[in-house]
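Working notes, structure below.
Bear in mind the structure is a predicted one, so any value in this text is a computation, not a measurement. The sequence lines fix the lettering, A, B, ..., with proteins before strands; numbering per chain opens at 1.
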Protein chains: 2
Amino acid sequence: MRDTSLPARGELTVTPPHRELLDQILDKWSLAVLGELCERPSRFNDLRRAIPTVTQKSLTATLRRLERNGIVEREVLRSRPVAVEYRITPLGKTLRHPVDVLVGWADAHMPGIEEARARFDAESEPA
Amino acid sequence: MRDTSLPARGELTVTPPHRELLDQILDKWSLAVLGELCERPSRFNDLRRAIPTVTQKSLTATLRRLERNGIVEREVLRSRPVAVEYRITPLGKTLRHPVDVLVGWADAHMPGIEEARARFDAESEPA
DNA sequence: CGGTATCCCCCATGATACTG
DNA sequence: CAGTATCATGGGGGATACCG
């Protein structure tokens, strides 16, 4: 595993492949799914219950996308009726740290951001 | 500034406010703009040239959104003709580390991800 | 239970034209 | 130079219905 220490300068260069990847992994539902699967393997309807606002279609699409990118694993359990279990992969686990850093940043700076929003909105609206 | 060290467990809980914030900051063009403004303050058309595929409209929208969230600053320079300079704010600078960690992750694991994609596509298509 | 298939709509984005 | 205004479009996502 490579280090996660901060790069000297200018690593913040987002190439198209990066951009595409981030779109597939940080999209509307992926982080919620990831959060669930980091806690425990889950079946399709477990995830639906855990994320009540997601539709079948979107959940399926999200899981397929994550599976394609090697982030989650899908196993069809031979039972009656059919059950399908989703699990996080080793690769998927490595994604957790970057996301935690990001979410940690959001948490820490949310107050400052809301203040900035309030200021911006106050200066624009009164027009 | 709070620490960016990794949380003990389960911080990967993305609440709706988090989700909205990430949507505003990690969207299609924001990271490119951020990358530029981290290097140097830039004027509107400098950014257009640096990011050739962005349209006027999208660039304006991106800059306004980042400004509203306190990530960038806009200054109208009194000159002929008018010039407008955009700069990263202190708050914006704090965003750099999380993004670098994320981009670093993407860099480090891109090979594994492409492999996963190839495997997935090979198993699906032959149908 | 764990999905597909279909329809539909909305809105983000792009293209183009115009302006202070 | 740095935008705003207007129009067109396409695809992501929801609602609904059906299937192995």
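- For A/Pro81 and A/Lys57, each mapped to the nucleotide of DNA chain C holding its nearest heavy atom, the one lying further toward the 5' end belongs to A/Pro81.
- When rounded to the nearest whole Å, the span between CG of A/Leu26 and C1' of D/dG12 equals 17 Å.
- With C/dG14, D/dG3, C/dT4 as the choices, the nucleotide that has an atom nearest any side-chain atom of B/Trp29 turns out to be C/dG14.
- Salt bridge B/Arg74/A/Glu123: absent, no basic N to carboxylate O contact under 4.0 Å.
- Listed candidates were D/dG14, C/dG3, D/dA2. Nearest to the side chain of B/Arg74 is D/dA2.
- Between A/Arg40 and A/Asp46 there is no salt bridge, since none of the side-chain N atoms of the basic residue sits less than 4.0 Å from a carboxylate O of the acidic one.
- For the pair B/Asp23 CG and C/dC11 P, the computed distance is 15 Å after rounding to whole Å.
- Regarding B/Arg65, its CZ atom lies at a distance of 13 Å from the C1' atom of C/dC11, rounded to whole Å.
- As a whole-Å value, the separation of B/Arg78 CZ from D/dC1 C1' is 16 Å.
- Comparing C/dG2, D/dG13, D/dC1 against the side chain of A/Gln56 picks out C/dG2 as the nearest.
- Under the 3.5 Å distance criterion, the side-chain polar atoms of A/Arg19 are matched with a main-chain donor or acceptor of B/Asp27.
- In terms of phosphate contacts, A/Ser58 brings a side-chain nitrogen or oxygen within less than 4.0 Å of OP1 or OP2 of D/dG14.
- Regarding A/Glu85, its CD atom lies at a distance of 17 Å from the C1' atom of C/dG3, rounded to whole Å.
- To the nearest angstrom, P of D/dT4 lies 11 Å from CG of B/Leu63.
- Remark: B/Tyr86 is in phosphate contact with D/dG3, judged by side-chain N or O atoms under 4.0 Å from OP1 or OP2.
- Between the B/Thr60 side chain and the B/Gln56 main chain, a donor and an acceptor come within less than 3.5 Å of each other.
- Nearest-nucleotide positions on DNA chain D place A/Asp27 closer to the 5' end than the other of A/Asp27 and A/Val82.
- B/Val101 has its side chain within reach of A/Pro98: a pair of non-hydrogen atoms, C-beta onward, lies under 4.5 Å apart.
- Checking the phosphate oxygens (OP1, OP2) of C/dG2, no side-chain nitrogen or oxygen of A/Arg64 falls inside 4.0 Å.
- Nearest-nucleotide positions on DNA chain C place A/Arg49 closer to the 5' end than the other of B/Thr53 and A/Arg49.
- Taking atom CG of A/Leu77 as the reference point, atom C1' of C/dG3 lies 15 Å away to the nearest angstrom.
- The nearest whole Å value for the distance from the CG atom in A/Leu59 to the C1' atom in D/dG12 is 16 Å.
- An OP1 or OP2 oxygen of C/dG14 is reached within less than 4.0 angstrom by a side-chain nitrogen or oxygen of B/Lys28.
- OP1 or OP2 of C/dG2 sits under 4.0 Å from a side-chain N or O of A/Arg43.
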